[in-house]
Number of protein chains: 2
Amino acid sequence: MNAPRPRTRIQRRNRKLILDAALDVFSAQGYRGATLDQIAASAGLSKPNLLYYFDNKEEIHRTLLTDLLDAWLAPLHDLAPDGDPQAEILGYVRRKLQMSREYPRESRLFANEILQGAPRIEGFIRGDLKALVDEKAAVIRGWAAQGRIADLDPYHLIFSIWALTQHYADFEAQMRMVRGEGVDTFEGAESYLDTLFARLIAP
Amino acid sequence: MNAPRPRTRIQRRNRKLILDAALDVFSAQGYRGATLDQIAASAGLSKPNLLYYFDNKEEIHRTLLTDLLDAWLAPLHDLAPDGDPQAEILGYVRRKLQMSREYPRESRLFANEILQGAPRIEGFIRGDLKALVDEKAAVIRGWAAQGRIADLDPYHLIFSIWALTQHYADFEAQMRMVRGEGVDTFEGAESYLDTLFARLIAP
DNA sequence: GTCTATAACAAGATAGAC
DNA sequence: GTCTATCTTGTTATAGAC
């Protein structure tokens with residue numbers, strides 16, 4: 001029997017509870033490290049009740065990942081070819097950093113997936129993501145050709161934006177331990193990345 | 001009964017085989033995702049034979065991680081306070097990138113550990129790593145105070161070096177899929193990072 | 001819809017022959 | 001030292017009462 005489409009209020013609420021708990025556990029432990037017991041306990045439900053809402057463990061994970069992928073493309077999608085190059089690139093950096101701050105668990109879920117060779121999202125990466133990156137890389141290359149930004153490899157540029165912004169979410173544990181518990185690890189990040197990319201892309 | 005200290009040639013050889021296979025599997029699947037069956041198969045030994053050389057799964061993992069941590073500090077350790085600031089920082093970036101290229105599995109093993117909250121290396125991070133980072137941050141701050149490099153937060157600077165260099169190892173799967181199978185993902189990385197950090201730290 | 005109880009199946013670890 | 005066979009535990013998933 002398939003899990004029901006969420007019709008009632010209580011069903012929608014429980015599905016949300018489960019997905020939120022599962023995001024906690026999967027992002028912190030990885031797919032195999034997570035157990036249904038942990039997720040159930042964190043959601044305040046029994047394990048069989050979890051499996052009333054989702055057919056199996058994998059479906060919970062796939063749901064989280066799928067929901068995430070749409071949001072994942074948005075910041076880059078918004079990079080406008082007819083905008084001011086500097087403002088567009090710095091704006092993209094800010095939106096990406098904002099995502100790391102607001103959705104660190106999602107970032108870690110994604111990082112776990114990539115680290116393991118992206119087995120479940122290979123289609124997404126080779127498909128939608130690659131298409132979008134190729135499109136925006138061409139835009140950036142055009143700006144460089146016009147001398148409106150420095151002449152940089154657009155792929156390295158995009159990857160460096162991902163690396164720097166996602167690091168604040170994915171390696172947050174390390175930053176916190178190195179800097180000490182009291183520190184907000186995002187403090188100063190936006191201004192640092194603003195400076196870094198402004199100096200990098202200045203023509 | 002404890003596993004034997006490696007005395008004979010064959011023991012040393014088998015321990016190496018096991019650790020190399022385990023590094024493959026742990027770095028790709030994470031601690032919980034890895035199974036002794038996979039490691040044994042990859043090493044060409046039987047599962048009980050693995051456990052003749054190591055008491056249990058955790059000891060294999062701990063051995064890999066411990067061996068890694070020494071090497072992990074070296075590039076930053078070599079940043080010399082009395083050297084030329086620009087050359088020292090760019091040299092550190094190059095050494096770190098070189099480690100990502102030569103030891104991508106080790107980088108992913110480390111990344112897996114941090115993503116999960118660094119449960120097994122918290123002591124290392126709060127201890128040796130924090131001490132080294134604090135020490136070198138002070139050096140960098142001194143350079144900035146003397147106007148020999150730009151005035152940047154040294155912690156954000158160090159973290160950004162980690163983020164950018166390790167990304168080439170940890171997110172290699174994504175880069176390969178976005179760029180296409182034929183591409184060497186490290187191609188152009190050194191010159192890109194050279195440019196990035198040279199422009200960033202120029203006074 | 002939710003629960004207790006339990007089946008079914010990995011996966012870590014051990015026993016004991018060779 | 002290495003293997004086959006097996007024990008034991010943890011985990012996913014199902015049965016069936018309520």
Side-chain angles (χ1 to χ4, degrees), chain A residues 1-65 109 112 116 119-120, chain B residues 1-65 109 112 116 119-120:
Chain A
M1 189 64 143
N2 276 351
R5 291 293 88 215
R7 287 186 236 280
T8 71
R9 235 187 333 265
I10 206 169
Q11 279 176 339
R12 259 191 291 272
R13 179 180 145 278
N14 277 346
R15 273 183 68 97
K16 280 216 183 68
L17 274 176
I18 293 167
L19 289 174
D20 187 70
L23 182 54
D24 272 350
V25 178
F26 280 128
S27 67
Q29 317 274 173
Y31 180 75
R32 287 280 307 272
T35 70
L36 292 181
D37 274 319
Q38 291 175 294
I39 298 172
S42 169
L45 297 170
S46 71
K47 194 162 45 168
N49 205 6
L50 241 64
L51 295 169
Y52 170 79
Y53 287 96
F54 293 89
D55 283 351
N56 49 46
K57 178 182 178 177
E58 214 216 310
E59 199 202 324
I60 305 178
H61 189 257
R62 189 177 50 245
T63 302
L64 286 172
L65 220 39
L109 186 75
N112 262 302
Q116 321 212 336
R120 298 170 187 85
Chain B
M1 189 62 144
N2 277 350
R5 292 292 88 213
R7 288 185 235 281
T8 72
R9 237 186 334 264
I10 206 168
Q11 280 178 340
R12 259 190 290 273
R13 178 179 147 279
N14 277 345
R15 273 184 69 98
K16 279 215 183 70
L17 274 177
I18 293 167
L19 289 174
D20 187 69
L23 182 54
D24 272 348
V25 179
F26 280 128
S27 67
Q29 318 275 171
Y31 179 75
R32 288 280 307 270
T35 71
L36 291 181
D37 275 316
Q38 290 174 294
I39 298 172
S42 170
L45 297 171
S46 71
K47 192 162 49 167
N49 205 6
L50 241 64
L51 295 168
Y52 171 79
Y53 288 96
F54 294 89
D55 283 351
N56 49 46
K57 179 182 178 178
E58 214 215 310
E59 199 202 323
I60 305 179
H61 190 256
R62 190 176 48 245
T63 302
L64 286 172
L65 220 39
L109 186 74
N112 261 304
Q116 321 212 336
R120 298 170 186 84

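Convention: sequence-line order gives letters A, B, ...; per-chain numbering from 1. Everything numeric in this text was worked out from a predicted model, so none of it was measured.
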Near-strand residues of residues 19-27 of chain B, defined as heavy-atom separation under 4.0 angstrom from DNA chain D: none

Distance-minimising heavy-atom pair for Asp24(B) and Ser42(B): OD2-OG, 4.3 Å

Non-hydrogen side-chain atoms of Leu109(B) and Asn112(B) separated by less than 4.5 Å: no

For chain A, the stretch of DNA chain D it reaches, first to last nucleotide, under 4.0 Å of its heavy atoms: dT11(D) to dT14(D)

Flag side-chain contact, heavy atom, 4.5 Å: Asp20(B) against Lys16(B): no

Flag side-chain contact, heavy atom, 4.5 Å: Gln116(A) against Tyr31(A): no

Side chain proximity check, Gln11(A) to Tyr52(A), heavy atoms < 4.5 angstrom: yes

For the student: nearest non-hydrogen atoms of Asn56(B) and Glu59(B), plus distance: OD1-N, 2.9 Å

Lys NZ or Arg CZ of Lys57(A) over Phe26(A) ring: under 6.0 Å, within 45°: no

Nucleotide N/O to protein N/O under 3.5 Å, stretch nucleotides 11-15 of chain C:
from	atom 1	to	atom 2	distance (Å)
dA11(C)	OP1	Arg32(A)	NH2	3.3
dG12(C)	OP1	Ala34(B)	O	3.4
dG12(C)	OP1	Lys57(B)	NZ	3.0
dG12(C)	OP2	Leu36(B)	N	2.8
dG12(C)	N7	Lys47(B)	NZ	3.4
dA13(C)	OP2	Lys57(B)	N	2.8

Arg32(A): partners by salt bridge (Lys or Arg N to Asp or Glu O under 4.0 Å), with sequence neighbours left out: none

Partners passing side-chain hydrogen bond (donor to acceptor under 3.5 Å, both in side chains) against Asn49(A) (at least two apart in sequence or in another chain): none

Pairs involving residues 37-47 of chain B, ordered by first then second residue, that meet salt bridge (charged side-chain N to carboxylate O under 4.0 Å, His left out) (sequence neighbours left out): Asp37(B)-Lys47(B)

